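Computed from a prediction, not measured in an experiment: that's the story for all the values here. FYI, the numbering just counts along the sequence from 1.
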Amino acid sequence: MRLFMRRRGEAGPARDAARALADLVRDTLKLDADATVSVSEISCGDPACGGSETVVLVMRPGERTQAAKVLMPMAQVTPEALVAALKPLMAGEAAVSTGLSPHGEKV
């Protein structure tokens, strides 16, 4: 299993949160061992996300990279919010999930 994290020198809770979320992504999407999951936290310009958002990239050999976003810091991402953001990836769509409902409400 390969796991990439944005900040290599970072230890402790952020690394644990990234690993836990990556494991949940693997379980939810039933990924093979050769798939790569990247979980990172980036600055967000959208006031709805509170300054940071969590970005999940799923890379399968021979396929386009898929992305999902959760508009909250990594430490605040709940399993329910992550699974909701991954739904488009479960349906095989190449779309990016924003973590928002079609009406712009936070999910």
Checklist entry - What's the spacing between Leu31 CG and Leu89 CG if we round to 0.5 Å? => result 9.0 Å

Item to check | Nearest non-hydrogen partners of Met74 and Glu41, listed with the distance | outcome: N-OE1, 2.7 Å

Next on the checklist: According to side-chain contact (heavy atoms from CB on, under 4.5 Å), who are the partners of Leu24, at least two apart in sequence or on a separate chain?
Outcome noted: Thr28, Pro79, Leu82

Checklist entry - Just how far is it from atom OG of Ser38 to atom CG of Leu21, taken to the nearest 0.5 Å? => result 11.5 Å

Item to check | Val37 and Arg26: CA distance, side-chain angles, deciding distance, side chain to side chain contact (heavy atoms under 4.5 Å, CB included) verdict | outcome: CA-CA 8 Å; Val37 175; Arg26 288 188 164 285; 4.0 Å; yes

Checklist entry - Of the non-hydrogen atoms in Val39 and Ala18, which two are nearest, and what is the gap between them? => result CG2-O, 4.0 Å

Checklist outcome for this item: Nearest heavy-atom approach of Ala85 to Ala68 is O-CB, 3.6 Å

Next on the checklist: Donor-acceptor check, side chain of Thr54 to backbone of Met72, threshold 3.5 angstrom: yes or no?
Outcome noted: yes

Checklist entry - Minimum heavy-atom separation for Ser43 to Glu53, with atom names? => result O-OE2, 4.4 Å

Checklist entry - With a 4.5 Å limit on heavy-atom distance, are the side chains of Val58 and Val25 in contact? => result yes

Item to check | Stepwise side chain to side chain contact (heavy atoms under 4.5 Å, CB included) test for Val83 and Met90 | outcome: CA-CA 9 Å; Val83 169; Met90 288 184 249; 4.0 Å; yes

